[in-house]
There are 2 protein chains.
Amino acid sequence: MTEARPGPRERMVFSAAQLIRRHGVAATGMREVAAHADAPRGSLQHYFPGGKEQLVNEAVQWAGRYAGKRIARFLAGLDEPTPSGLFAAMAAQWSDEYAADGFAAGCPVAAATVDCATSAEATRRAAAAAFTAWRAPLAAALTDLGVPAGRAESLATLMISTLEGAILLARAEQDTGPLTTAVRELGPLLDAAARP
Amino acid sequence: MTEARPGPRERMVFSAAQLIRRHGVAATGMREVAAHADAPRGSLQHYFPGGKEQLVNEAVQWAGRYAGKRIARFLAGLDEPTPSGLFAAMAAQWSDEYAADGFAAGCPVAAATVDCATSAEATRRAAAAAFTAWRAPLAAALTDLGVPAGRAESLATLMISTLEGAILLARAEQDTGPLTTAVRELGPLLDAAARP
DNA sequence: GCGCTACTATGACCAGTGTCATAAGCGGCG
DNA sequence: CGCCGCTTATGACACTGGTCATAGTAGCGC
């Protein structure tokens, strides 16, 4: 905590993502974001002249980049890299968080999609971009693991879909069961696609 | 439209589900629900003394029952009933709606989970119950189609997870691709589990 | 008609929102 | 010092939200 923390602007984007994860976009107030980021309220209009929508969009964008970057780290952490292992690692991040901190938070991109896809076109586009920023490196990783090029994109979409849905079920039921079920049932399918 | 429509109470629950589907829970106002249901505003506190939370919970509950009942109809509509065919029918309901009316609406249960899972315990429970009301008949249908008992529950969870996630992606990207991808990739897995 | 219940109508309240206007602090540089 | 940007501070505005209180109406058994 005492290490050199990032600037106020970055902190506010991060805090926005955290609060959106928990309460959704509409229920997250700007003042609340500033307070959570320990940032002055006056900075909001200075750094985000586009208002709440800009802040939300940047939070979504940030989440997409974050998810994309994690793919490489997951891969590096696997003993023997397989598609099923990668998927298991992705799901484990959520299982672990839920086991440790409770089921308070979901995926911010999902929250933004649910809350804004109809009402805010720019936010919907940001969410789509976030999913792309997540899927592209995932598909690339799958091809590296031996999945044929034509199949990798599809399987990446499937993995993200299933993971997002499992997160949703897990939160609703307050049980990580859906996450482990997804890994168990989808694993063989993923590995079968990687065999030459 | 001119047929004998249901009572105001039922209409309000239905309208609430529709509006939540589009804009999320927090962004849906009570007055808006009454207007959409063409119901008097004063009836809100009369039929739903528990306030907004009660209305939302009943809408979620209604959606769960609806999804559960559709399973039987989907099964009846299949030429040769298979798990993959059932899943395709479930996804097609969304693809068709999106193709016909645009990507304005998602799943109300998902919206309620994202918006209320952390803040309203009762709503979270209602969402969990809705998923159960959806999964139970789905698992029963799978066993009827030849899926071993131990596997049916898992596959039902997987189907719902993947479908919910694909709905999310489809809405964000305004493209039914994720839905068709889910059906294509998951179909063989489902049918393989039904073989004796 | 009476009385009772079910339902509707309407206005007020207060907490909360996003946004804006204005002004102050505050570094560094000339 | 004096000026001047980048930030921060603060209060006001207009508005909407859910909720409550109160009054009014409709229908029906008696």
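A note on names: the letters A, B, ... follow the listed sequences, proteins ahead of strands, and every chain is numbered from 1. Nothing here was measured: the structure is a model prediction, and the numbers come from that model. What's counted below: heavy atoms across the whole structure, side chains too, no hydrogens, waters or symmetry copies.
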Separation of C:dT17 P from A:H23 NE2 (nearest whole Å): 12 Å
B:Y98 and B:W94 aromatic ring geometry - parallel, tilted or perpendicular at 30°/60° bounds: tilted
State which residues pass side chain to side chain donor-acceptor pair (under 3.5 Å) with A:S161; sequence neighbours excluded, sorted by chain then number. none
Check A:E58 with A:R9, please: is the shortest side-chain N to carboxylate O separation under 4.0 Å? yes
Note: chain B reaches DNA chain D at heavy-atom distances under 4.0 Å over the stretch, first to last nt, 5' to 3', of D:dG17 to D:dA21
Sequence neighbours excluded, which residues qualify as ring pair (Phe, Tyr, Trp, His ring centres under 6.0 Å) partners of A:Y47? none
Which residue lies toward the 5' end of DNA chain D, A:H46 or B:L44, if each is placed at its nearest nucleotide? A:H46
For A:T157 and A:R135, which I'm curious about, is there any donor-acceptor pair between the side chains at under 3.5 Å? yes
Would you list the protein and nucleotides 9-12 of chain C atom pairs, both N or O, that sit under 3.5 Å from each other?
| from | atom 1 | to | atom 2 | distance (Å) |
| --- | --- | --- | --- | --- |
| C:dG11 | N7 | B:R41 | NH2 | 3.3 |
| C:dG11 | O6 | B:R41 | NH2 | 2.5 |

According to side-chain hydrogen bond (donor to acceptor under 3.5 Å, both in side chains), does anything in residues 178-187 of chain B pair up with another residue at least two apart or in another chain? List the pairs. A:R151-B:E185, A:S154-B:R184, B:T181-B:R184
Send over the distance from A:F48 CZ to C:dC20 P, rounded to a whole Å. 15 Å
Test of understanding: with salt bridge (Lys or Arg N to Asp or Glu O under 4.0 Å), list the residues that count as partners of A:E97, not counting sequence neighbours. A:R21
Salt-bridged, B:E173 to A:R125, with N to O below 4.0 Å? no
